[in-house]
Amino acid sequence: MKISLVATLLFNSLLYCQIPKATSGTIQHFEKFKSSFVDARNIDVWLPDNYSEKEKYAVLYMHDGQMLFDATITWNKQSWEVDATAGKLIEEGKIKKLIVVGIWNNGLKRHPEYFPQKVYKKLTDEEKNFVSNELLSRGKIDETFSPISDHYLKFIVTELKPFIDSHFSTLTDKDDTFIAGSSMGGLISMYAICEYPEVFGAAACLSTHWTGIYQIENNPIPAAFFDYMRTYLPNPRTNRIYFDYGDKTLDELYFSLQLTANDIMREKGFNKANWITLLFPGKDHSEKSWAERLHIPLEFLLDK
């Protein structure tokens, strides 16, 4: 759905006035968390019922944090319902106890922060201009496109994670540290586990936006993503990856591209022990769809 630049800016300014409410567990809200690498943004930390400093918890970092918990404050009145799903799975003993760190996106800087930077650098100048013009025409950016995802990941790894580990009772090793997101958030989650396999033990990439823009024809981006994966995918003996996609609305673009990604995963030695790709027929590109199937990647990431 296209949103004008003015509407996007207004929406994000209003978001900063609202704090999400949890239906399960509690949320600690950190307003405009500062960084030396990227702009300040809100951080929500979800703690499960009966959270105790006497226990240690796995940590799941999730992008688009303002869309995770409370549909009453989101632009489309949908959310991932992370609190309800994670709380239920913990109560049923199906996953490790965890906390969830929701990292709010930064509006018009979402695409620059989430687009894998090393991939973009491999494009020709002509291809970069094509990508930039396409994103400008759709109102996704308001200036020439220049990804800053390396800085965004440095923020998570060197600033946010140390803060979380020092302020909450966490398991700090990679086997208990995970990252997840959808669409562009799926891309940056894939990029994160490739760039920092020693930090993130597993990643969940839902409805991964392999096109980078919003078309397949004459689009150089998917091939560049796949070349990157062939070089940088982590060791399947030490890291795990989850992919999924639907076949409606924007997800309709992903079918053939995800098949290519699957082939690369197999080439690099991933198998059912450390990798899942699932197709959800009839499901579209929305928080509603991701909420319906969130229990699957959570069980994959946090299997006891």
Side-chain angles (χ1 to χ4, degrees), residues 1-2 63-64 110-141 144-150 152-153 179-195 203-234 236 239 241-270 275-281 283-286 289-290 297:
M1 178 180 180
K2 184 176 179 180
H63 313 289
D64 295 314
R110 179 177 184 268
H111 233 87
E113 288 183 344
Y114 289 6
F115 193 109
Q117 196 163 333
K118 287 183 178 177
V119 174
Y120 191 74
K121 287 181 177 180
K122 292 292 186 180
L123 299 178
T124 66
D125 288 343
E126 182 180 1
E127 291 169 338
K128 290 175 182 175
N129 287 334
F130 167 74
V131 172
S132 188
N133 290 335
E134 175 67 16
L135 294 174
L136 281 166
S137 70
R138 289 181 173 267
K140 298 299 181 181
I141 55 176
T144 301
F145 188 52
S146 181
I148 53 173
S149 51
D150 287 351
Y152 176 68
L153 292 183
I179 194 159
S182 63
S183 194
M184 290 297 297
L187 280 181
I188 191 62
S189 297
M190 182 273 290
Y191 193 51
I193 199 171
C194 290
E195 293 294 302
C205 313
L206 288 72
S207 298
T208 308
H209 192 54
W210 295 116
T211 58
I213 51 176
Y214 299 90
Q215 66 187 60
I216 296 178
E217 298 78 12
N218 303 314
N219 183 355
I221 294 174
F225 284 149
F226 298 145
D227 285 345
Y228 173 84
M229 289 176 67
R230 291 186 179 96
T231 302
Y232 291 101
L233 275 173
N239 297 86
I241 302 178
Y242 170 97
F243 290 113
D244 74 20
Y245 59 115
D247 60 4
K248 302 297 181 184
T249 63
L250 192 55
D251 277 34
E252 191 175 7
L253 296 177
Y254 304 151
F255 184 82
S256 62
L257 302 177
Q258 186 63 59
L259 293 182
T260 301
N262 294 347
D263 289 340
I264 296 169
M265 296 294 288
R266 283 186 281 266
E267 289 170 14
K268 302 299 291 186
F270 283 84
W275 158 55
I276 293 176
T277 294
L278 296 175
L279 167 63
F280 292 89
K283 298 304 177 183
D284 64 2
H285 194 86
S286 69
S289 291
W290 301 322

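Throughout, numbering of the chain's residues begins at 1 and tracks the sequence.
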Query raised in the report: Considering only heavy atoms from C-beta outward, does the side chain of M190 approach that of C194 to under 4.5 Å?
Result: yes
Report task. Can you see which heavy atom on L123 is nearest to which on A224, and at what distance? Result -> CD2-CB, 3.9 Å
Query - Reference residue H209; test ring pair (Phe, Tyr, Trp, His ring centres under 6.0 Å); the match among Y114, Y191, Y214 - result: Y214
Query raised in the report: Under 3.5 Å, is there a donor-acceptor pair between the N219 and T211 side chains?
Result: no
Report summary line: Result for ring pair (Phe, Tyr, Trp, His ring centres under 6.0 Å) between W210 and one of Y254, F115, F226, Y245 points to F226
Query raised in the report: Between P297 and L206, what is the shortest heavy-atom contact and its length?
Result: CG-CD1, 4.3 Å
Query raised in the report: Is any NZ, NE, NH1 or NH2 atom of the basic residue among E252 and K248 found under 4.0 Å from an Asp or Glu carboxylate oxygen of the other?
Result: no
**Report entry** Single hit among S182, S183, S207 for side chain to side chain donor-acceptor pair (under 3.5 Å) with W290
**Finding:** S207
Query raised in the report: Considering only heavy atoms from C-beta outward, does the side chain of N129 approach that of T144 to under 4.5 Å?
Result: no
Requested in this report: Using a 4.5 Å cut-off on heavy atoms from C-beta on, say whether the side chain of W275 contacts that of Y242.
Outcome: no
Query raised in the report: With sequence neighbours excluded, what pairs up with F255 under the ring-ring contact (aromatic ring centres under 6.0 Å, His included) test?
Result: none
Query raised in the report: What residues, two or more places apart in sequence or in another chain, satisfy side-chain hydrogen bond (donor to acceptor under 3.5 Å, both in side chains) together with H111?
Result: none
Query raised in the report: Can you name the nearest heavy-atom pair linking G246 to L279, along with the distance?
Result: O-CD1, 3.9 Å
Query raised in the report: Taking 4.0 angstrom as the limit, do E195 and K118 come out as a salt bridge?
Result: yes
Query raised in the report: Taking atom OG1 of T231 and atom CE of M229, what is their separation to the nearest 0.5 Å?
Result: 11.0 Å
Query - Any F145 side-chain heavy atom under 4.5 Å of N133 side chain - result: no
Query raised in the report: Does NZ in K128 sit with more than 12 non-hydrogen atoms of other residues, nucleotides or ligands closer than 6.0 Å?
Result: yes
Query - Non-hydrogen atoms of I241 and C205 that approach each other most closely - result: CG2-SG, 4.5 Å
Report summary line: Between the CG atom in L250 and the NE2 atom in H285, the distance rounded to the nearest 0.5 Å is 4.5 Å
**Report entry** Close side-chain approach of M184 and T208, heavy atoms under 4.5 Å
**Finding:** no
Report summary line: Nearest heavy-atom contact between Q117 and S149 is N-OG, 2.8 Å
Requested in this report: May I ask you to test the S189-L187 pair for a side-chain heavy-atom distance under 4.5 Å?
Outcome: no
**Report entry** Pairwise distance CG(L153) to CD1(I148) - rounded to 0.5 angstrom
**Finding:** 11.0 Å
Report task. Using the test side-chain hydrogen bond (donor to acceptor under 3.5 Å, both in side chains), find all partners of E127 that sit at least two apart in sequence or belong to another chain. Result -> T124
Query raised in the report: What heavy-atom pair brings I141 and S132 nearest, and what distance separates the two atoms?
Result: CD1-O, 3.9 Å
Query - K283 and D244 ion-paired at < 4.0 Å - result: no
Requested in this report: Would you check, one step at a time, whether the test side-chain contact (heavy atoms from CB on, under 4.5 Å) holds for E113 with I188?
Outcome: CA-CA 8 Å; E113 288 183 344; I188 191 62; over 6 Å; no
Report summary line: CD1 of I179 to CD1 of I193, rounded to nearest 0.5 Å, is 9.0 Å
Query raised in the report: Do Y152 and D150 have side-chain N/O donor and acceptor atoms under 3.5 Å apart?
Result: no
Query - Heavy-atom check, side chain of D227 versus side chain of K122, under 4.5 Å - result: no
